Number of protein chains: 2
Amino acid sequence: MKKQRKITIADIAREAGVSAMTVSRYLNGKGPVAASTAERIKAIIERLQYNPNWLARSLSSKKSMIIGVTIPRIEHALLDNYIAQILSGVTDVALQNDYRIMLLPFNPEHGTDNEFSNWYHSKMFDGLILLKTMHRDPRIKSLAEQKIPFVLANHKYYAPDVHFIDVNNKLGIRLAVEYLVEKGRSRIAFVAGDLRETNARDRWNAFCKTMQEQNLTVNKEWVMHGQFNQEIAYRESEKLFRAKTIPDAVVCSDDYMALGVIRRIKERGLRIPDDVAVIGFDDIEIAAYIQPALTTVRQPIEKIGRLAAESLLKLLNGKADQPIRRLLSVQLIKRESA
Amino acid sequence: MKKQRKITIADIAREAGVSAMTVSRYLNGKGPVAASTAERIKAIIERLQYNPNWLARSLSSKKSMIIGVTIPRIEHALLDNYIAQILSGVTDVALQNDYRIMLLPFNPEHGTDNEFSNWYHSKMFDGLILLKTMHRDPRIKSLAEQKIPFVLANHKYYAPDVHFIDVNNKLGIRLAVEYLVEKGRSRIAFVAGDLRETNARDRWNAFCKTMQEQNLTVNKEWVMHGQFNQEIAYRESEKLFRAKTIPDAVVCSDDYMALGVIRRIKERGLRIPDDVAVIGFDDIEIAAYIQPALTTVRQPIEKIGRLAAESLLKLLNGKADQPIRRLLSVQLIKRESA
DNA sequence: TTGAAAGCGCTAACAG
DNA sequence: CTGTTAGCGCTTTCAA
């Protein structure tokens, strides 16, 4: 168990009385190796406790068996249950296919156009899954132009060589608004979040459209944009309830924002859903636990991750002739808040 | 922007009229390079969009600048808010220090003794952070014997060359039990979880000890062991409330179990905390949101991750002369459930 | 301050 | 079924 000189493929070959190539073939299961030779090699490998050097293998074979996943370079990014869920899906699929995951921090708001493709050219990973990217990020374009294998998770982007897995935001918002209307609500507010995100944009557009279909007006005082998280939503939503006429329902572009809004409403002494109904989007873990339990549009977050990973594997195996563009369905989960 | 032949350090060298070594020195900032030469190289690198091949560099320099983090090979591992929090801490520190994170799936219950050290010898990472390992896992011993740099996160293990960051479980349980006693509870049940985990063991031992100090008896009917998660805790805790005398308080070894127990208690039509008080351990995200809000022992989970990563970096830089053995403090967060 | 030579440990491509 | 040759792209070491 002491420190030993590193055993290499050459050592195994020498012991076995064969060439390194034969050992390599045995190791990778490609190419023929005589059964007797194989057995001999196997025994020696075990005796010497040989481990292939993965760096050397990758350098030589030009495949690293690693999938890169971008995560926002903010503290606590992984505390976001939404990110954790996507990552969970990606990880499950990757690991089942002998790929490892490498976490790549990035700033969703800035970065040189070639940042991602440069990473790729450093050979740190074979393909990339992009999380939390913004609308029209030039880094995405650069990847596509260079035909680098990548998949967008929860981001919609119709362009050549861009593959994505996203959800049907339009449907989600329509379900939410129609449900509220059914329940007799008409003064509907919307917390849109950051419109540089494709989801936020889609949801916001869908909201306007659906409101129009329902012959309801979108009151500008009741619409909020910005980089919202729970805390900011709490802070900013104060103004929704300051005016004389207050909304009788609030649709939020994600659950964390809904949490903030709910806290605000409670603090104003208003009842949920009697005075104000609230609907979120995502169905994160807490949604079912808070009081009142959150009515929300559930998207299959983990499945997005799984499909993104599966799609990437297809790309890596050259099995994707068509662009992959999937919009998964969503459903309205009716709980107590609306 | 079209596909181009890969630019290498040799190309840069040729253009600049120097040797590859000079470019390498420039790139790594070690060794002297004339200012004028440096400038020339810099310009060429930019013009040619050169990216160093990280595999080749790692192979040659024997450093990969990657930290491996083990995660349990179960589906949805990352959905466990506790794991996500540790990972979050690790990631933040690693990324700030230009290390990447590689996720390494493992089975906490089985594996050959050399599994982890074999990974290390494959050169996939420079050091390892171990999450969710069990008591006396031989794989840990093997790492230590081979002097491989690694740190245990949330695991206590006194042995040479084993470094760990853990919390003061004994204190946590004592705070919980004493608080219950203060509130007049005496029929205290304990949901221990899996005793192969060091935390579960510590907590269980601490529970017995504190009960004794308080002159309370540990009723065997009210103690539950096993691989509990929320669902199983819900299922199994049924038997706690079947008997004639039921406990008036339940201490749980983690919050997810507490969630299951709470669901059970509610379903039995018992009131929390009036009929039965519940205390958890961890203070995961949901704890504050559930109804009733969970009284629990908060441990600084993310900080454990941060410290584990910082410690590993010290090991990698040879700056750890002493074994690193930290027990972080915990606090009782009093909410509604007890 | 710079360069030449010799690997790092493996595999692709071809030949036998 | 097996071996030879020639790299992969970089850094280490030593010499200049």
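Reckoned from all heavy atoms, side chains included, excluding hydrogens, waters and symmetry mates. Remember, it's a predicted structure, so these values are computed and weren't measured experimentally. Just so we're on the same page: letters track the sequence lines, and every chain starts at 1.
- Looking at heavy-atom distances under 4.0 Å, Tyr26(A) makes no contact with the nucleic acid at all.
- Cation-pi geometry between Arg325(B) and Tyr157(B) is not met: the NZ or CZ atom fails to fall both under 6.0 Å from the ring centre and inside 45° of the normal.
- With a heavy-atom cut-off of 4.0 Å to chain B, the contacted part of DNA chain C has its first and last nucleotide at dT1(C) to dC8(C).
- Thr37(B) comes within contact range of the sugar-phosphate backbone alone, with a heavy-atom separation under 4.0 Å but no base atom that close.
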Checklist entry - side-chain contact (heavy atoms from CB on, under 4.5 Å) between Lys6(A) and Asp11(A): does it pass, once the steps are laid out? => result CA-CA 9 Å; Lys6(A) 175 76 186 150; Asp11(A) 299 316; over 6 Å; no
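- In 5' to 3' order, the nucleotides of DNA chain D bounding all contacts with chain A (an atom under 4.0 Å from a heavy atom) are dC1(D) to dC8(D).
- Projected onto DNA chain C by closest heavy-atom contact, Lys30(A) and Val18(B) fall at different nucleotides, the more 5' of which corresponds to Val18(B).
- Both Asn51(B) and Arg25(B) sit near DNA chain D, but only Asn51(B) has its closest nucleotide nearer the 5' end.
- Salt-bridge formation is not detected for the pair Asp113(A)/Lys141(A): no Lys NZ or Arg NE/NH1/NH2 atom is positioned less than 4.0 Å from an Asp or Glu carboxylate oxygen.
- Atoms CG and CG, from Leu152(A) and Asp166(A) in turn, are 9.0 Å apart once rounded to the nearest 0.5 Å.
- Note that CD1 of Ile71(A) is 8.5 Å distant from CG of Leu131(A), once rounded to the nearest 0.5 Å.
- Among the atoms of the strands shown, none is found under 4.0 Å from any heavy atom of Lys123(A).
- For Tyr158(B) and Phe164(B), the gap between ring centers is short of 6.0 Å.
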Checklist entry - Can you check side chain to side chain donor-acceptor pair (under 3.5 Å) on Ser122(A) and Asn51(B), steps first, answer last? => result CA-CA 6 Å; Ser122(A) 307; Asn51(B) 308 102; 4.9 Å; no
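- When each of Thr22(B) and Leu59(A) is assigned the nucleotide of DNA chain C with its nearest heavy atom, Thr22(B) is the one assigned upstream, toward the 5' end.
- With rounding to the nearest 0.5 Å, the separation of CD in Glu46(A) from CD1 in Ile12(A) is 10.5 Å.
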